[in-house]
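Worksheet: one structure, shown below.
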Amino acid sequence: MASIPKIPFNVPCNVGGELRYIAEAINGNQKISGDGPFTKRCSEFFQHRYAVAKAVLTTSCTDALEMAGLLLNLKPGDEVIVPSFTFVSSANAFALRGARLVFVDSREDEPNVDVNRIAEVITPKTKAIIAVHYAGFACAMDEITTLAQSRHVDVVEDAAQAVESFYRGRRLGTIGRFGTLSFHETKNLICGEGGLLFVNRQEDVKRTEIIREKGTNRTAFFRGEIAKYSWVDLGSSFLPSELNAAYLFGQLESIDLIQNRRVEIYNRYCACLKVLEDQGKALLPVVPNGATINGHLFYLLCPNLSVRTQLIDFLKSQNIHATFHYVPLHSSEYFSEFHDGRVLKNCDRYSEQLVRLPLFFAMTDEMVDIVCSEVLKFFSQV
Ligand SMILES: *Cc1c(COP(=O)(O)O)cnc(C)c1O
């Protein structure tokens with residue numbers, strides 16, 4: 001039997017400079033805890049490129065979202081609107097503050113949140129809307145922003161998957177009051193575990209520094225602005241070590257190389273698999289109005305759960321690792337007893353029909369072509 005080389009779902013990206021910078025962090029007699037020279041270089045990189053009031057590195061995107069929950073002063077009884085089709089951290093971060101989560105459905109034509117569904121559940125208790133840019137594709141931010149402003153509600157962008165993606169010319173993560181990125185090994189830019197918080201209003205900068213430094217004013221102390229530092233607010237330890245920041249800086253130096261290659265792979269998948277759409281066998285991703293492609297992930301929508309399961313099993317038998325995405329949060333084991341019973345049918349459909357194909361920086365054109373030919377072979381038989 002002709003054997004196909006094993007094609008994993010993801011291989012952590014390594015472009016070459018990472019190890020050199022980690023060695024520099026260790027050998028340079030510099031500190032290796034948080035907020036040393038590499039953390040500074042990474043945060044300045046984003047602050048300039050994204051033109052935000054402040055960009056701070058965190059230990060994960062989850063932690064950046066938890067910081068947003070603290071910065072919004074969420075209290076028990078406050079309501080936060082979250083898409084159900086997302087990673088658990090988009091919700092957990094706000095549940096941890098005691099907020100009541102209200103899950104809403106995806107759009108029919110793409111997995112991002114449906115703004116009309118947000119409008120239906122917004123109440124005077126609503127404090128925040130979490131906009132998750134699925135697959136790096138922008139949510140309808142104009143509509144979300146207009147709705148949020150008219151109801152005096154804040155917007156947090158979970159841009160974990162959306163680094164270097166835009167909405168009508170604006171970078172994702174910089175449009176809401178806060179935005180977050182992830183540098184988990186499955187994302188476009190990585191450092192093992194890591195994240196970033198965009199603070200888009202000057203008035204939030206000071207408290208951001210305090211919350212990130214365990215509730216102390218140590219950042220101002222290190223800048224020489226105060227004589228000693230002490231406990232001034234709630235906070236936690238959200239600083240990544242310099243070793244992580246050094247790895248990340250190696251990636252940032254090659255950001256265009258990484259992004260261009262991922263977008264190439266994404267486009268190659270589209271070109272090879274478009275025929276499935278023409279034949280009515282599966283759907284390809286829809287790029288929403290005003291959105292851009294950042295090559296974070298490539299997915300297909302199968303006609304139903306059974307076909308999706310068979311496709312994943314078939315690819316596995318051919319040594320190719322494909323995977324589904326997101327068990328809905330509103331009906332999850334933890335949350336279902338709190339959900340108000342609304343049926344979120346689009347979310348359920350994406351959860352059952354969506355399959356993600358391998359996409360990683362080191363993936364060769366040949367590997368993409370192998371995956372495509374196996375996918376086409378599968379669909380020629382169903
Ligand atoms: C990956 C991801 C997260 C969590 O990122 P971590 O850095 O692993 O905490 C949160 N939200 C979304 C949408 C993600 O894809």
Side-chain angles (χ1 to χ4, degrees), residues 9 65 79-95 99-123 126 129-140 143-144 147 158 160-162 186 273 276-277 280-289 291 296-316 322-357 375 378-379 382:
F9 179 70
L65 289 163
E79 294 177 0
V80 176
I81 299 174
V82 188
S84 182
F85 189 74
T86 184
F87 188 63
V88 66
S89 297
S90 322
N92 233 335
F94 308 99
R100 192 173 91 82
L101 303 181
V102 181
F103 286 108
V104 285
D105 207 358
S106 298
R107 292 168 61 105
E108 183 150 13
D109 56 350
E110 42 114 354
N112 276 336
V113 69
D114 186 335
V115 187
N116 296 321
R117 302 289 86 79
I118 299 178
E120 287 165 5
V121 296
I122 215 163
T123 75
T126 306
I129 296 167
I130 314 307
V132 182
H133 304 298
Y134 182 72
F137 294 132
C139 294
E143 289 82 351
I144 292 175
L147 176 65
D158 180 344
Q161 304 177 9
T186 52
L273 297 177
L276 291 173
E277 216 163 57
K281 298 207 161 173
L283 295 175
L284 272 59
V286 170
V287 184
N289 266 339
H296 173 60
L297 61 83
F298 181 84
Y299 68 82
L300 287 175
L301 286 178
C302 297
N304 56 52
L305 175 60
S306 155
V307 171
R308 202 240 342 238
T309 308
Q310 290 170 50
L311 172 59
I312 291 175
D313 290 348
F314 173 77
L315 292 175
K316 194 170 168 207
T323 182
F324 58 88
H325 223 177
Y326 302 142
V327 176
L329 296 179
H330 71 283
S331 52
S332 61
E333 183 176 332
Y334 174 71
F335 196 81
S336 58
E337 64 176 298
F338 306 113
H339 182 62
D340 58 20
R342 276 170 302 116
V343 175
L344 308 184
K345 71 173 186 351
N346 295 326
C347 167
D348 290 343
R349 184 166 55 89
Y350 291 117
S351 178
E352 291 185 353
Q353 300 179 2
L354 189 147
V355 56
R356 293 178 290 158
L357 300 181
V375 168
F378 171 81
F379 277 108
V382 293

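Only a predicted model underlies this, so the values are computations on that prediction, with no experimental measurement involved. Just the heavy atoms: all of them, side chains too, but no hydrogens, waters or symmetry mates, feed the values below.
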Mind listing the closest non-hydrogen atom pair of [X] and [Y] along with its distance?
X: E108; Y: R349; answer: O-NH2, 2.8 Å
X: D105; Y: L344; answer: OD2-C, 3.3 Å
X: S90; Y: T86; answer: OG-OG1, 2.7 Å
X: L65; Y: S89; answer: CD1-O, 3.6 Å
X: V286; Y: Y299; answer: N-OH, 4.0 Å

Determine whether more than 12 heavy atoms belonging to other residues, nucleotides or ligands lie under 6.0 Å from atom [atom1] of [X].
X: F338; atom1: CZ; value: yes
X: D109; atom1: CG; value: yes
X: F9; atom1: CZ; value: yes

Quiz item: Which is it for N346 and R117 under the side-chain contact (heavy atoms from CB on, under 4.5 Å) test, yes or no, and what are the steps along the way?
Solution: CA-CA 11 Å; N346 295 326; R117 302 289 86 79; 6.0 Å; no

Exercise. Applying salt bridge (charged side-chain N to carboxylate O under 4.0 Å, His left out), name anything that partners E143, two or more places apart in sequence or on another chain.
Key: none

Check for a donor-acceptor pair, side chain of [X] on one end and backbone N or O of [Y] on the other, with a separation under 3.5 Å.
X: S84; Y: L329; value: yes
X: H133; Y: C139; value: yes
X: D348; Y: P328; value: no
X: R308; Y: S351; value: yes
X: E79; Y: R100; value: no
X: N112; Y: F137; value: yes

Quiz item: Are F335 and F103 close enough that their ring centres sit under 6.0 Å apart?
Solution: yes

Practice problem: Could you tell me whether the side chain of L273 reaches within less than 4.5 Å of the side chain of F298, counting heavy atoms only? | Solution: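 Yes, close enough: below the 4.5 Å cut-off.
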
Practice problem: Only counting residues at least two apart or in another chain, list the ones meeting side-chain hydrogen bond (donor to acceptor under 3.5 Å, both in side chains) with T186. | Solution: H184

Quiz item: Relative to each other, are the rings of Y326 and F85 parallel, tilted or perpendicular (30° and 60° limits)?
Solution: perpendicular

Exercise. Please identify each residue that fulfils side chain to side chain contact (heavy atoms under 4.5 Å, CB included) with E337, with sequence neighbours left out.
Key: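 Testing E337 for side chain to side chain contact (heavy atoms under 4.5 Å, CB included), a comparison that skips the adjacent residues, returns none.
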
Quiz item: Between the side chains of S106 and E110, does any donor sit under 3.5 Å from an acceptor?
Solution: no

